[in-house]
Amino acid sequence: MSAEPRSNFLRTQIQADLEAARVDDLVTRFPPEPNGYLHIGHAKSITVNFGLAEQFGGQCHLRFDDTNPEKESQEFIDSIQEDVRWLGYQWAGEVRYASSYFEQLYQWALYLVGEGLAYVCDLSAEDAREYRGTLTEPGRDSPFRDRSVDENRDLLERMRRGEFADGVRVLRARIDMASSNMNLRDPILYRIRHATHHQTGSEWPIYPTYDFAHGQEDAIEGVTHSICTLEFEDHRPLYDWFIANLPVPHQPRQIEFARLNTSYTITSKRKLKLLVDEQVVAGWDDPRMPTIAGLRRRGYPAAAIRHFCEEVGTSRSDGIVDVAMLESAVRDHLNHHAPRAMCVMQPLRLTLTNLAEPLVLTVPNHPANSAFGSRELMMGNELFIDQADFREEANKQFKRLVLGKRVRLRGGLVIEGDSCEKDADGNVSRVLARCVTSVPGADPEDGVKPKGVIQWVSAEHGLPATIRRYDRLFAVPEPGREDDMLAALNPRSLELVAGAVVEPGLGEAEPEQVFQFEREGYFVADRYDHTSEAPVFNMAIGLRDTWSATNG
RNA sequence: UGGGGCGUCGCCAAGUGGCAAGGCAGCGGGUUUUGAUCCCGCCAUUCGGAGGUUCGAAUCCUCCCGCCCCAGCCA
C-alpha cells in the first residue's frame with residue numbers, strides 16, 4: 001500500500017480544518033443501527049471513518065444508533081462489533097449507544113418546548129401527511145402548532161410517563177411548514193412507542209427520531225466530523241438548526257459522500273433479510289452474501305476488503321463499482337498470502353505403469369516466496385488427476401494429458417499417456433501412463449519437453465473433500481433495480497462438488513485458512529463445517545482464466 | 001413543474017486557470033513446472049452539450065441536457 005493516501009475531498013477538507021485549527025483533534029464515528037448485519041457498503045463507511053481517524057491521528061467511535069427498538073436486537077449488536085473488529089479496527093473507548101443519551105435528549109426536547117420551538121401535535125399520521133404538503137406545494141400549519149408552552153410541557157411529560165397510546169401524539173419542531181426543504185416542515189422529534197428496548201428495557205415509552213437524535217449524539221461525543229451518505233445532505237439544515245437552538249457542548253461538521261454500490265450485488269438490508277428469511281441463502285453469513293460475515297466465510301481477507309475500499313476512492317458522485325474490482329483485490333492479496341496446494345475436483349484414476357518405487361517429493365508452498373517453505377508429497381503409481389485434464393486426442397492448443405503426449409505432474413515427474421480404459425457408458429475410467437523422467441523437477445533427457453503442468457493427488461493418501469464452488473448470487477449487474485429480485489438470482493451461484501480429493505495435509509487446515517488450489521482458485525476451509533475427517537472448502541474466487549473463455 | 005446533489009476512458013477516480021494521474025476491465029507481446037503470477041506495450045488532442053471570459057479553461061461565467069435524493073410517527 002502506498003505511503004501517500006490518494007487524494008479525496010474528505011481528506012482535503014479535514015486536512016484544511018485541522019490546519020486552520022477549526023478543530024484540534026479529529027473525532028469520527030461509525031454509527032450503525034443494529035437492525036441487520038453489516039455489508040460491503042458498511043465496510044466502506046467503516047474504512048472511511050476509521051481510516052480518517054487513523055490518518056490524522058484522531059479517534060473513531062462505534063455508536064449504535066438504537067432509536068427504533070422494534071427493528072433492533074442484541075444479535076445485530078454482537079455481529080456488528082465482531083465484523084468491525086474482524087475488518088481490523090478498534091473503536092476508541094467503550095461501545096456507545098444513542099440510547100444512553102435518551103435522558104439528555106429528552107431534556108433538550110423539554111428545552112425546545114420551553115423556547116417555544118417545539119410542540120405536541122395530535123394529528124394522526126395520515127392527517128400529518130396531508131398537512132405536510134407535497135414537493136411542489138407548501139404544507140399547512142398543524143392546528144396544534146400554537147399550543148402554549150405550559151400545555152406542551154405538560155403533554156410531553158405525560159407522553160414520557162406513558163399516559164398515551166402509541167401514535168396518538170408526537171413532539172414536533174416548530175420551524176416552517178412552507179419550507180422548500182421537506183425536512184424543515186415541523187419534523188417529528190419524538191413518537192410514542194410502548195416497546196421494550198434491547199438496552200433500556202421498558203424505561204421509555206417514547207423514542208427520539210433519528211433526525212432529532214443523530215446530530216446531538218455527535219455533539220455529546222465531541223465528534224468533529226460527522227461523515228454520512230448523500231441522502232442526508234437535505235437534513236443538514238435541520239441538524240444545524242438543532243445545534244444552533246440547543247445548549248449543546250460541541251458543534252459537529254457533517255460531510256456527505258456517495259455510498260458504495262457494487263455490481264451484481266444487493267445491499268438493501270430489507271432485501272438481504274428477505275434472502276435470509278426465504279432461505280434463498282443459508283443465513284446472513286452465507287458465502288454468497290455481500291455481508292461482512294458472508295465475505296469472511298467466503299474467504300475474502302479483511303485486508304483485501306480494506307484495500308478495495310481504498311482503491312475505489314471516495315467521492316460525491318453516485319456510481320456502481322464493478323464487482324470485478326473487489327474480486328481483483330481478493331486475488332491480488334491471496335496471490336501473495338495463500339500457500340499453494342492441490343485438489344482434484346473430478347478425480348480420474350491415473351496409473352503410472354513404470355514407477356518402481358513411490359517417490360517422496362518436496363514441493364514448495366509458494367512459487368515466488370520461499371518463506372512459505374515446502375511440503376512433502378507422496379507420489380505412488382496410483383494417482384488422481386482431473387477429468388478435465390485428460391483427452392484421448394486433442395489439438396496442440398490443449399496443454400494437458402493426451403495419449404501419446406507428455407505433461408508434467410506438478411512438483412513431480414513428466415509422464416506420457418499410453419492408453420485408457422472406459423466404463424460401460426464409454427466414459428474414460430482410468431488412464432495408463434509412463435514416467436519419462438525419474439528425477440523430480442528434471443526435464444526429459446530426449447529433449448521433448450511437456451507443454452503443460454497439471455495437478456494431481458495420491459490415490460492412496462488423498463482425502464475426500466467437499467468443495468463448495470460459489471459464483472455471483474445474481475445474474476444481472478443491477479439486481480437492486482429488478483422488480484423481482486428472486487428472478488434475477490444466478491441459478492449457478494453454488495455448485496456442490498462432493499467427490500473432490502485434496503492432498504493429505506489439507507485435513508489439518510485451520511478453519512478460515514485460505515489456500516490456492518493450483519490451477520483452480522482460492523479456497524478457504526469453512527469456518528464452521530471443516531474438520532480433518534471431513535474437509536470442507538469454500539471457493540473464494542477462481543484464478544484469472546484467459547483460456548477457457550475463448551477455448552471452451 | 002419546489003428544494004438539494006452529481007456529470008472526467010466500458011467501470012471507479014485524481015485534477016480546483018498552465019497544457020488529462022492511477023486502479024479495474026480490455027487488447028497485443030515476453031517470462032513461466034499454475035493456460036495463474038510477473039514483465040513490457042496499447043487503451044480520453046479531451047473532461048455531459050453549446051456559448052462566453054482569458055495568452056491559456058476539465059477547472060471561472062451563462063444557458064441547456066441527463067441522472068440521483070427528499071412528501072416514514074425508518075435510518
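To find a chain, count down the sequence lines: A is the first, B the second, and so on, and within it residues start at 1. FYI, side chains are in, hydrogens and waters are out, and symmetry mates aren't considered; it's all heavy atoms of this structure.
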Expressed in angstrom and rounded to an integer, what is the separation of A/D122 atom CG from B/C73 atom P? 15 Å
Is a salt bridge present between A/E217 and A/R63, judged by a nitrogen-to-oxygen distance below 4.0 Å? yes
Whole-Å C1' distance, B/C19 and B/U59: 12 Å
Nearest whole angstrom, please: distance from the P of B/G5 to the CZ of A/R259. 18 Å
Check the distance between B/G22's P and A/E310's CD and give it to me in whole angstrom. 17 Å
Is the NZ or CZ atom of A/R147 positioned over A/Y119's six-membered ring, under 6.0 angstrom from the centre and within 45° of the axis? no
What nucleotide, of B/U34, B/G2, B/A13, holds the atom closest to the side chain of A/R410? B/U34
Just N and O in the side chain of A/R132: are any of them under 4.0 Å from OP1 or OP2 of B/C73? yes
Provide the distance between the two P atoms, one in B/C12 and one in B/C67, to the nearest whole Å. 16 Å
So does A/R400 get a backbone contact from the side chain of A/K405, meaning a donor-acceptor N/O pair under 3.5 Å? no
To the nearest angstrom, the CZ-P distance between A/R340 and B/U32 comes to 19 Å
Are A/R434 and A/E416 close enough for a salt bridge, meaning some N to O gap below 4.0 Å? yes
Between CD of A/Q13 and P of B/U16 the distance, given in whole Å, is 15 Å
Going by the glycosidic torsion and a 90 degree boundary from 0, is the base of B/G22 oriented syn or anti? anti
Rounding to an integer number of angstrom, what distance separates B/A14 and B/U46 when you compare their C1' atoms? 16 Å
Rounded to whole angstrom, note down the C1' distance from B/G18 over to B/C11. 30 Å
Considering only side-chain heavy atoms of A/D332, which listed nucleotide, B/C38, B/A75, B/C6, is closest? B/C38
Quick one: label A/S317 by what it contacts on the DNA or RNA (base, sugar-phosphate, nothing), any heavy atom closer than 4.0 Å. sugar-phosphate
Would you say CZ of A/R161 has more than 12 non-hydrogen atoms from neighbouring residues, nucleotides or ligands within 6.0 angstrom? yes
Nearest listed nucleotide, side chain of A/R544, among B/G35, B/G2, B/A36: B/A36
For the pair made of NZ in A/K405 and C1' in B/G35, what is the distance, rounded to whole Å? 17 Å
Electrostatic pair A/R406-A/D446, nearest N-O below 4.0 angstrom: yes
Pick base, sugar-phosphate or nothing for A/L123, based on heavy-atom distances below 4.0 Å to the nucleic acid. base
Using a cut-off of less than 4.0 Å, is there contact between a side-chain N or O of A/R331 and OP1 or OP2 of B/U37? no
What's the closest nucleotide to the side chain of A/M182 if the choices are B/A14, B/C70, B/G3? B/C70
Across the strands shown, which category fits A/L326 at heavy-atom distances under 4.0 angstrom: base, sugar-phosphate, nothing? nothing
Among B/U34, B/C73, B/C74, the nucleotide that comes nearest once only the side chain of A/K71 is considered: B/C74
Does the A/D386 side chain pair with the main chain of A/D389, one donor and one acceptor, at a distance under 3.5 Å? no
Using atom C1' of each nucleotide, how far apart are B/U53 and B/C65 to the nearest Å? 23 Å
For A/H214, which contact category applies under a 4.0 Å heavy-atom criterion: base, sugar-phosphate, or nothing? nothing
Against the side chain of A/D545, the closest entry in B/G7, B/G35, B/C70 is B/G35
Is A/G411 touching bases, backbone alone, or none of the nucleic acid, heavy atoms closer than 4.0 Å? base
On a whole-Å scale, what distance lies between the C1' atoms belonging to B/A50 and B/A58? 16 Å
Paired nucleotide for B/A58 [Watson-Crick or G-U wobble; both distances under 3.5 Å]: none
Separation of the P atoms in B/U37 and B/G26, to the nearest angstrom: 10 Å
Taking the same atom, C1', in B/C43 and in B/G7, what whole-Å distance lies between them? 22 Å
Checking contacts here: which listed nucleotide (B/C24, B/G35, B/G5) is nearest the side-chain heavy atoms of A/E233? B/G5
Side chain of A/S7: nearest nucleotide among B/G35, B/A71, B/G15? B/G15
Decide if the gap between the ring center of A/Y37 and the ring center of A/H42 is smaller than 6.0 angstrom. no
Can you identify which nucleotide, out of B/U37, B/G15, B/C74, has its nearest atom closest to the A/N335 side chain? B/U37
Winner on side-chain proximity to A/D234, out of B/A25, B/C70, B/G15, is B/C70
Describe the nucleic acid contact of A/P367 in one word from base, sugar-phosphate, nothing, applying a heavy-atom distance below 4.0 Å. base
When we call it a touch if two heavy atoms are under 4.0 Å apart, what does A/F232 touch: a base, just sugar-phosphate, or nothing? base
In whole angstroms, how far is the P atom of B/U34 from the CD atom of A/Q516? 11 Å
Please determine whether a side-chain nitrogen or oxygen atom of A/R316 lies at a distance below 4.0 Å from atom OP1 or OP2 of B/G5. no
